[in-house]
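The next block holds one structure in the form of structure tokens; read it before the comments.
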Amino acid sequence: MAKEKSIYTCSDCGGVSPKWLGKCPSCGAWNTLVEGIAEVPGASVKNSRYQALAKSQPVATLSEIEAADFERTPTGQEELDRVLGGGIVAGGVVLIGGDPGIGKSTLLLQAIEDLSHKLPVLYVTGEESGAQIAMRSRRLGLAGSKVRVLAEISLEKILATLEAEQPAFCVIDSIQTLYSEHLSSAPGSVAQVRECAAQLTRTAKASGCAIVLVGHVTKEGAIAGPRVLEHIVDTVLYFEGDTHSSFRLVRAIKNRFGAVNEIGVFAMTEKGLKGVANPSAIFLSTHGEPVPGSCVLVTLEGTRPLLVELQALVDSGGPSPRRLSVGLDKDRLAMLLAVLHRHAGVATNDQDVFINAVGGVRISEPAADLAVLLAIQSSLRGRPLPKGFIAFGEIGLAGEVRPAPRGQERLKEAAKLGFSVAVVPKANAPKKAIEGLTVHAVERIEEAMDLARGL
Ligand code: TYD
Ligand code: MG
């Protein structure tokens, strides 16, 4: 096939240039030109790669379109099915990201083995050799007899194999190792990742094969390469967790076939990842006695409440004190510290403040605010919160404590696990007393801080 011509498109304004330039000739932005394939008008439609998009569909009235529910095939990994919304969907494309060594290949190998008993499957590996996959499969104790493996990084060859093998489920491990012969940039570059993902997505939609793309993440934790990848695919899953501990979370960030923010919890064992069906208490560290700077939060991830220990360390800082957070938003921490100072009179402006969510969980819900500030105050005073203490609630800039969704469920879960004292927003106070749990309802941050000092 004749080599197609490249053009360079500005990711800001869409302006094009025939060669790469540091500065966009149209809008003047720096470093925004990205390589792509020049499409010859007319020819592109005939080009088989675009046929999936070119098929014309009649216009129909919405009410006449049959809304058949997607047929899902369970992967056999219950926790994975939970985040996928029940299983894989024909033609669906899933992107799964996570730090190196967190268990992406392990989980997918376990899932593909299960699926191979029901469907024709293909495992494409660009990172490891077939022998390495076989070794992992033996280690996991899987027979692997029906899993077809292809060690290949050329997109064109992979597409040809998909055409020949006609699998119903295919894993691409990983998208950053693939390259298309039509582009001159290196594998893993923005242009290559985008082109390969787009072509595989087209193939999935046209053939009905469900495809899982493994994606590397950057230091900041986002999928490496273009953000646009997340727009192309149907479902985006992220692996979270501390590679030093054995627990792993898989979270749905986007899901066209199910609920978002649902999580699956796994434990990494000698024989691969095992689902944890009842995970509520795994993110608590094990202190014999309460320690200063620690507060347990009841967070709600997807459909299940989780108890997570938040730790704060407040220590006298230098001329420009540092605010660092692991697992929580740093900007939100700065905002909370300002509210704490202004409304509750607790000053930390000459202190370093560090906060950490135990176990490598990432907490994005604002209901963590109250627990963060209680942990900070506890560390500042050097006094622990009482034994069996939990808190949750969002804090506003005016110092008000706002309710968290589904407060009753959170309180019940905490009581079930033996927690005995709770500080919660007024609107979350239970109407009927919960056995074994003393609930203090607060409306303002200063009220919560005063109350915690007296406990
Ligand atoms: P892997 O799935 O290769 O990670 P990724 O594809 O996300 O880079 O996981 C590798 C890690 O998991 C490695 O440190 C070894 C560990 N592991 C186990 O603890 N038990 C197992 O059964 C397997 C297969 C791996
Ligand atoms: Mg891997």
Side-chain angles (χ1 to χ4, degrees), residues 75-80 83-84 93-116 121-145 147-153 158 169-179 187-188 192-193 196-197 200 211-225 229-230 233 235-253 263-276 279 282 359-362:
T75 62
Q77 302 290 318
E78 258 172 56
E79 293 291 302
L80 180 61
V83 276
L84 287 173
V93 181
V94 179
L95 175 66
I96 179 160
D99 291 337
I102 201 151
K104 301 181 292 296
S105 306
T106 306
L107 179 62
L108 291 173
L109 192 61
Q110 288 177 274
I112 205 170
E113 159 73 20
D114 244 86
L115 285 167
S116 73
V121 299
L122 179 68
Y123 190 105
V124 179
T125 165
E127 299 199 334
E128 296 161 293
S129 65
Q132 281 171 306
I133 306 288
M135 213 158 73
R136 181 179 292 125
S137 158
R138 305 279 134 77
R139 176 174 179 185
L140 294 172
L142 307 174
S145 52
V147 179
R148 309 272 287 164
V149 178
L150 171 71
E152 183 56 69
I153 58 169
I158 292 167
F169 179 69
C170 172
V171 171
I172 307 281
D173 191 1
S174 66
I175 187 74
Q176 272 87 10
T177 54
L178 301 197
Y179 76 97
Q192 287 285 8
V193 169
C196 294
L200 286 164
I211 295 185
V212 177
L213 307 173
V214 174
H216 289 179
V217 296
T218 59
K219 271 211 306 292
E220 291 75 40
I223 302 249
L229 215 57
E230 298 189 358
V233 301
T235 304
V236 180
L237 305 182
Y238 271 98
F239 251 105
E240 287 172 19
D242 195 342
T243 31
H244 306 294
S245 87
S246 68
F247 292 110
R248 305 282 187 272
L249 288 186
V250 177
R251 189 191 299 267
I253 302 293
I263 58 167
V265 184
F266 295 92
M268 181 62 97
T269 68
E270 271 308 298
K271 285 212 171 297
L273 288 161
K274 295 264 185 303
V276 179
I282 61 176
V361 219
R362 257 174 239 156

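Computed from a predicted structure; not experimentally measured. Note that ligands are numbered from 1 as they come in the structure, with each ligand's atoms numbered from 1 the same way.
- Residues Thr177 and Glu127 have side chains that never bring a donor and an acceptor to within less than 3.5 angstrom of each other.
- Exactly one of Leu107, Leu84, Val212 qualifies for a side chain to side chain contact (heavy atoms under 4.5 Å, CB included) with Leu237. That residue is Leu84.
- Side-chain contact between Thr125 and Leu150: absent, with no pair of heavy atoms (C-beta onward) separated by less than 4.5 Å.
- One N or O on the side chain of Arg251 and one on the backbone of Arg362 form a donor-acceptor pair closer than 3.5 Å.
- The salt bridge (charged side-chain N to carboxylate O under 4.0 Å, His left out) test applied to Glu152 returns no partner, not counting sequence neighbours.
- Using a 4.5 Å heavy-atom cutoff, the side chains of Val94 and Ile211 are not in contact.
- If you count the protein N, O or S atoms nearer to the Mg ion (ligand 2) than 2.8 Å, you get 1.
- Applying the salt bridge (charged side-chain N to carboxylate O under 4.0 Å, His left out) test to Arg136 and every residue at least two apart in sequence or in another chain returns Glu128.
- In terms of modelled atom types and a separation under 3.5 Å, the side chain of Glu113 and the main chain of Gln110 share no donor-acceptor contact.
- Protein residues with a heavy atom closer than 4.0 Å to ligand 1 are Asp99, Pro100, Gly101, Ile102, Gly103, Lys104, Ser105, Thr106, Arg136, Arg139, Leu140, Met268, Thr269, Glu270, Lys271, Gly272, listed by chain and number.
- In terms of modelled atom types and a separation under 3.5 Å, the side chain of Gln176 and the main chain of His216 share a donor-acceptor contact.
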